[in-house]
Amino acid sequence: MSAGSLSAKISSAPSDPIFGIVEAFRADPRPEKINLAAGVYMEEDGVTPILASVREAERRLLASATTKLYKPIGGDPVLVGLLRALIFREPGAPFGALPPVVGSGRVEVLHTPGGTGAVRLAVELVKRLRPQATIWVSDPTWPNHPQIADAVGVPHRTHPWTRADGRTLDLDAVTQAIASAAPGDAFIFHGACHNPTGIDPTAAEWGAIADAVAARGILPILDFAYQGLGDGLVEDAASLRTFLATGCEILVAASASKNFALYDERVGALAIVAADAPAAAAILTHAKVAIRAAWSNPPGHGGEIVAEILGDDALRAQWEGEVTAMRDRINGNRRAFVAALAGEGASDVSHLLTGRGMFSLLGLDDAQLAALRDKQAIYLVSRGRINFAGLSAVKIPIVAKAVAALLR
Ligand code: LMR
């Protein structure tokens, strides 16, 4: 083996902090195993279903599709128009009625392979257009945020998200980090359903964050992977509307993985809110160069499903009902689990009730997580991130008992 050979590299890379756990879960032969790790929706039986609206869209596509020709670099124009309508829809407005800022030409939208592709493209744009910038992420955050910044070669720093007790947002720490950042730096915020804490700012807190961002000339990147799983599809975009109201530039990384349960189809979108229409058009050209050098053109099938659903009033209404049902089940599991934890004598866990979306942190350390996995076949992510969607009426008492024993 020559020194320059690929195989000469002797040490292995670490396994992925989320999908590595999923792999370990899959390999676990114990039938009683419980997967509360990866952020995917599950039904009572632990299965991640194909939504009925998706099945209907696929049935139609099978009958009508005529080609597998490349999509345009930035995605099919019909799809990106519909995704724009979904991301920027205002309360009470009919689907497709865009707010003036979007109609003004300041906003461009591109289809990306999933939310990860959208975050990657956002970070690529930071690297190209703000080469001195540092990207700030909350501590904790989704582990892929810093990993993507590393992969693109953009320095990153962290700022606290919660107070030391992990129960409430530390707004002062967030706004102080913004004030201390260099103008031109970027901050990745979770547009809704903070991953992993589930702790979202209130409307007033978002206002304070957006004001601080605008005053300092910071670029907010909104990771909007969980649109619809917090309070609702339109409600969850309140954070975005708060940033829009300041007039600042924004990058929004959206995803159809969770709200359409299209995890393996890789449908996401990057929305670029630029200073004005000419700037948006220019940034779009850079985005297309970055895409061409990465995935070249977006995958077709998943985007066609989303376009079929969003473009048809009846199918879209059916899908919106399915999003509501997923959200209600997750929230119901959250409430039932917290009640079961309290019933098992866990010390104050009421803060878990106010969390939004799939996740909260149970505040467990690595040794406790290993014990849960090894002794009880319960799989959680670092710091005890729990995915409430993975619970069921049968699993709630089992997990609550095991976790309460650690939280007493
Ligand atoms: C998660 O946080 O578990 C999900 O977003 C899946 C992923 O890509 O990490």
Side-chain angles (χ1 to χ4, degrees), residues 13-26 33-42 46-49 112-123 137-152 156 158 161 188-200 221-230 236 252-270 294-295 299 302 323 326-327 329-330 333-334 355-362 364 369 372-373 378-391 399:
S15 68
D16 185 78
I18 293 173
F19 287 115
I21 298 171
V22 175
E23 279 172 34
F25 174 83
R26 286 204 180 116
K33 63 186 178 177
I34 298 176
N35 178 10
L36 306 174
V40 300
Y41 178 75
M42 286 171 255
V47 171
T48 298
T112 58
T116 303
V119 174
R120 174 79 189 223
L121 182 57
V123 175
V137 297
S138 61
D139 177 21
T141 191
W142 183 50
N144 221 11
H145 285 153
Q147 178 160 265
I148 289 171
D150 283 338
V152 177
H156 53 87
T158 60
W161 187 242
I188 299 183
F189 296 108
H190 301 235
C193 310
H194 184 269
N195 178 4
T197 65
I199 296 172
D200 282 353
I221 300 174
L222 252 62
D223 185 336
F224 205 21
Y226 292 86
Q227 184 182 8
L229 296 185
D236 288 350
V252 186
S255 173
S257 298
K258 324 284 176 175
N259 52 20
F260 285 84
L262 282 175
Y263 304 91
D264 68 354
E265 295 289 357
R266 312 311 298 141
V267 188
L270 183 70
W295 55 83
V323 175
M326 288 193 280
R327 183 175 65 244
R329 191 183 123 69
I330 293 168
N333 279 355
R334 177 188 282 277
R356 290 165 80 244
M358 279 187 187
F359 309 122
S360 278
L361 289 185
L362 300 177
L364 304 176
L369 293 173
L372 278 178
R373 190 187 60 228
I378 296 171
Y379 286 74
L380 299 164
V381 174
S382 156
R383 303 194 207 200
R385 189 192 79 171
I386 182 168
N387 172 11
F388 293 104
L391 292 169
V399 179

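Numbering of ligands and ligand atoms starts at 1, following listing order. Because the structure is predicted, anything quoted here is derived from the model rather than measured. Only heavy atoms go into these numbers, but all of them, side chains included; no hydrogens, no water, no symmetry mates. For reference, positions follow the sequence shown, starting with 1.
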### Message
Between D223 and K258, does any NZ, NE, NH1 or NH2 come within less than 4.0 Å of an OD or OE carboxylate oxygen?
### Response
no

Between ligand 1 and the protein, which N/O pairs fall short of 3.5 Å?
| unit_1 | atom_1 | unit_2 | atom_2 | d |
| --- | --- | --- | --- | --- |
| ligand 1 | 2 (O) | W142 | NE1 | 3.3 |
| ligand 1 | 2 (O) | N195 | ND2 | 3.0 |
| ligand 1 | 2 (O) | R385 | NH1 | 2.9 |
| ligand 1 | 3 (O) | G39 | N | 2.7 |
| ligand 1 | 3 (O) | R385 | NH2 | 2.8 |
| ligand 1 | 5 (O) | Y226 | OH | 3.2 |
| ligand 1 | 5 (O) | K258 | NZ | 2.9 |
| ligand 1 | 9 (O) | W142 | NE1 | 2.8 |

### Task
Anything under 30° is parallel, anything over 60° is perpendicular, the rest tilted; go ahead and classify F359 against Y226.
perpendicular

### Query
Just by distance, with hydrogens left out, do Q147 and N144 show a side-chain donor and acceptor under 3.5 Å apart?
yes

### Task
Examine K33 relative to Y379 and say whether NZ or CZ is less than 6.0 Å from the centre of the six-membered ring and inside a 45° cone about the ring axis.
no

### Task
Over 60° means perpendicular and under 30° means parallel, so classify the ring planes of H194 and H190, tilted if in between.
tilted

### Task
Considering non-hydrogen atoms only, spot the tightest contact between G115 and A253 and give its length.
O-CB, 4.4 Å

